[in-house]
Asker: 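Quick one: the structure is below, questions incoming.
Proteins come first, then strands; the chains are lettered A, B, ... in the order of their sequence lines, and each starts at number 1. Side chains are part of it too, since the values below use all heavy atoms of this structure and drop only hydrogens, waters and symmetry mates.
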There are 2 protein chains.
Amino acid sequence: MPRRTKAEAEATREALLDAAEDVFLEKGVSRTSLEHIARHAGMTRGAVYWHFKNKADLFHAMLDRVKMPLQQIIDDITAERQATGPLDTLRLATLHAFEMLERPRSCRVHTILMHRCEFISDINPVELQNRLASDCREVVRRCFQQAHDEGLLIDEIAPDVATLMLHSMIGGLVHDWLRAPDSFSLRESGGEAIDRLFHLITRRA
Amino acid sequence: MPRRTKAEAEATREALLDAAEDVFLEKGVSRTSLEHIARHAGMTRGAVYWHFKNKADLFHAMLDRVKMPLQQIIDDITAERQATGPLDTLRLATLHAFEMLERPRSCRVHTILMHRCEFISDINPVELQNRLASDCREVVRRCFQQAHDEGLLIDEIAPDVATLMLHSMIGGLVHDWLRAPDSFSLRESGGEAIDRLFHLITRRA
DNA sequence: TGGCATTTACATTCATGTATGTATGCGTGT
DNA sequence: ACACGCATACATACATGAATGTAAATGCCA
């Protein structure tokens, strides 16, 4: 029964993307066919090929519905929301990214990106993450540099080292949590670890 | 020209595994066929099917040639090599794991495991890493608990939090480094970050 | 009625597994 | 020592299934 209204067509597009999230998450990207996705959404492959050029196109459309955590951090830092200083800016941006990640769709999509896919056509998530990571590291580094210049950092920690410590802790927490989201709360346990790190490297008054 | 000596047969087996590392690393696991691997080793699929049951079997044989970093850490900690205390045991075990990871084969295989594969038949690397991670976390936690009991940890840091901090930093460093091994030295930069973390949480005399 | 959304049908490609072919090393008997 | 026979270490050929992309058919809203 083809040809619904324009709004219904848009709804099936979203349903297809929802189905893609489900099946990708369960079976991995390369092992799921477009047939699987279509059937899971109650459609046939024809619907998929009408809305998307191919599997890679669908995959990227799925990615476009969420924001990368590192991109979120970059944006938050450059926006400097409610900053009481560069260290607090970094800390709040990190916690904000954790909150965003715990939203169901974000969690699903990023789990797929991290643990359920290797390559998709000629564009690979590793390169994408690589650029994001180095961009983010640079923004964080500038922030720590500013904190250092303002005398907010303890002497033992150089801005570069602080950057690596924070960045790796964020990456490790996200990576571990996405592998088993039920094993701990990213916002609570992860947030506490981040808080402790900032507590340790902040110069005490 | 079939039937080489037993030693030569073993050599082709190793050559096939070497080829698998190369091609998996370049194209990802799911996108490489056994034909690709065989051709890259100068053989045909017949050789592959002689030495291995199928792709999954070959993949696991490839994994068996290296040791998991987290397993290395677990072994080092339980062996307590040259320990001057629980904190130093943890620190040295971590640095040792970093050293092991920088060996070419280890680097290649773990890059494949982290960034070039999603599922292989019915056994998936995520589950494998998951069990290793929780085992390792438990061993590390006991070590930090002992350090706490001996008064080696500063008061602000509970053993559980220290465990999460160390574990996530290790995971993040390894993850980031494997994504771009040339961008920094795991042993040097990563080691410095780890050293700094232990410096920060150790009670000063 | 015409163009939009979707299904159905079809051709092609590709990886896999298996079956078969084949030449060689190696043990065995004498 | 030497020929014989077999198991070994591969290569080749083939059958199968699965996924992809596309073209034609179909129904429905406007």
Side-chain angles (χ1 to χ4, degrees), chain A residues 1-20 22-24 26-62 112 116-123, chain B residues 1-20 22-62 112 116-124:
Chain A
M1 49 307 249
R3 188 65 227 275
R4 311 293 175 66
T5 167
K6 191 168 287 187
E8 280 177 310
E10 184 59 24
T12 68
R13 191 191 127 102
E14 295 295 310
L16 287 173
L17 290 175
D18 289 345
D22 286 349
V23 189
F24 282 160
E26 189 192 334
K27 310 191 42 164
V29 173
S30 66
R31 291 171 63 87
T32 80
S33 65
L34 296 182
E35 174 82 15
H36 289 140
I37 294 173
R39 301 293 255 185
H40 193 267
M43 313 255 155
T44 66
R45 265 181 356 169
V48 175
Y49 275 100
W50 203 91
H51 286 284
F52 309 99
K53 189 184 167 198
N54 49 30
K55 194 172 174 179
D57 187 39
L58 181 146
F59 185 81
H60 284 100
M62 185 190 74
I112 292 169
R116 302 290 193 278
C117 83
E118 36 182 272
F119 284 125
I120 184 68
S121 102
D122 41 14
I123 291 161
Chain B
M1 51 309 249
R3 188 70 227 271
R4 310 295 175 65
T5 168
K6 193 167 285 188
E8 282 177 310
E10 184 59 24
T12 68
R13 190 192 127 101
E14 295 295 309
L16 287 172
L17 290 175
D18 289 345
D22 285 350
V23 189
F24 282 160
L25 195 59
E26 189 191 334
K27 308 191 46 163
V29 173
S30 66
R31 291 170 63 86
T32 80
S33 66
L34 297 182
E35 174 84 17
H36 290 140
I37 294 173
R39 301 293 253 186
H40 193 266
M43 313 254 157
T44 66
R45 264 179 342 136
V48 175
Y49 274 100
W50 174 254
H51 286 283
F52 310 98
K53 190 184 167 198
N54 51 28
K55 194 172 174 179
D57 187 39
L58 181 146
F59 185 81
H60 283 99
M62 184 189 74
I112 292 169
R116 302 288 194 278
C117 82
E118 37 183 269
F119 284 124
I120 184 70
S121 101
D122 41 14
I123 291 160
N124 66 341

Asker: Looking at side-chain heavy atoms only, is the closest gap between B:T32 and B:H40 below 4.5 Å?
Answerer: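 They are not in contact (no side-chain heavy atoms under 4.5 Å apart), so the answer is no.
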Asker: May I ask you to check whether over 12 heavy atoms, not counting those of A:E10, lie within 6.0 Å of atom CD?
Answerer: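 Result for CD/A:E10: enclosed.
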Asker: Between A:G46 and A:T32, name the one whose nearest nucleotide on DNA chain D is closer to the 5' end.
Answerer: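 Comparing both residues, the 5'-ward one is A:T32.
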Asker: What is the distance, to the nearest angstrom, from the CG atom on A:L16 to the C1' atom on C:dT6?
Answerer: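 Taking atom C1' of C:dT6 as the reference, CG of A:L16 is at 11 Å.
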Asker: Quick one: are A:F52 and A:H60 in side-chain contact, heavy atoms under 4.5 Å?
Answerer: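 Not in contact.
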Asker: Give a yes/no answer on whether the side chain of B:W50 brings an N or O atom under 4.0 Å of OP1 or OP2 in D:dC10.
Answerer: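 B:W50 to D:dC10 OP1/OP2: no side-chain N or O under 4.0 Å.
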Asker: Select one nucleotide: of D:dG21, D:dC10, D:dA13, the one nearest the side-chain heavy atoms of B:M43.
Answerer: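 Nearest to the side-chain atoms of B:M43, counting from C-beta on, is D:dC10.
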Asker: Counting only side-chain heavy atoms from C-beta out, which of C:dG17, D:dA19, D:dG21 sits nearest to B:L34?
Answerer: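 When the side chain of B:L34 is considered, C:dG17 is the closest of C:dG17, D:dA19, D:dG21.
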Asker: If only side-chain N and O atoms of A:T12 are considered, is one of them under 4.0 Å from the OP1 or OP2 phosphate oxygen of C:dA5?
Answerer: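 It does not, given that no N or O in the side chain of A:T12 lies less than 4.0 Å from OP1 or OP2 of C:dA5.
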Asker: OP1, OP2 of C:dT6 versus side-chain N and O of A:H51: anything below 4.0 Å?
Answerer: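 Yes, within the criterion.
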Asker: So what does B:A47 hit on the nucleic acid, given a heavy-atom distance under 4.0 Å: a base, only sugar-phosphate, or nothing?
Answerer: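 The residue B:A47 makes sugar-phosphate contact but no base contact.
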Asker: Expressed as a whole number of angstroms, how long is the span from B:R13:CZ to D:dA9:C1'?
Answerer: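 Taking CZ of B:R13 and C1' of D:dA9, I get 14 Å after rounding.
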Asker: Choose from D:dA19, D:dT22, C:dC4 the nucleotide whose nearest atom is closest to any side-chain atom of A:Y49.
Answerer: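 Selected nucleotide: D:dT22.
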Asker: Of all the nucleotides listed (D:dT20, D:dA9, C:dG17), which has the minimum atom distance to the side chain of B:A9?
Answerer: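 Shortest atom-to-atom distance from the side chain points to D:dA9.
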Asker: Between P on D:dC10 and CD on B:E8, what's the gap in Å once rounded to a whole number?
Answerer: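 So the CD-P distance, B:E8 to D:dC10, works out to 9 Å.
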Asker: Which whole-number value in Å describes the distance from A:I37 CD1 to D:dA18 C1'?
Answerer: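 In whole Å, D:dA18 C1' and A:I37 CD1 are 15 Å from each other.
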Asker: Take the protein atom CZ of A:R39 and the nucleotide atom P of D:dA18, then report the distance between them rounded to whole Å.
Answerer: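 So the two atoms are 14 Å apart, to the nearest Å.
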Asker: Across the strands shown, which category fits B:T44 at heavy-atom distances under 4.0 angstrom: base, sugar-phosphate, nothing?
Answerer: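 Base, at least one base atom sits under 4.0 Å.
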Asker: Can you measure B:E35 atom CD to D:dA11 atom P for me and round it to whole angstrom units?
Answerer: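 Taking CD of B:E35 and P of D:dA11, I get 11 Å after rounding.
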Asker: Would you mind reading off the distance between A:L58 atom CG and D:dT20 atom P, rounded to a whole angstrom?
Answerer: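 That distance rounds to 11 Å.
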Asker: Could you state the atom-to-atom distance from NE2 of A:H36 to C1' of D:dT20 in whole Å?
Answerer: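 Computing the A:H36:NE2 to D:dT20:C1' distance gives 14 Å.
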Asker: Among D:dT8, D:dC14, D:dT20, find the nucleotide with the atom closest to the side chain of B:R45.
Answerer: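 Selected nucleotide (nearest to the side chain): D:dC14.
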Asker: For the residue pair B:K55 and B:I37, establish whether any side-chain heavy-atom pair is separated by less than 4.5 Å.
Answerer: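 SC-SC contact between B:K55 and B:I37 ruled out.
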Asker: Do A:L16 and A:W50 have side chains that get closer than 4.5 Å, going by heavy atoms?
Answerer: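 No, too far: nothing below the 4.5 Å cut-off.
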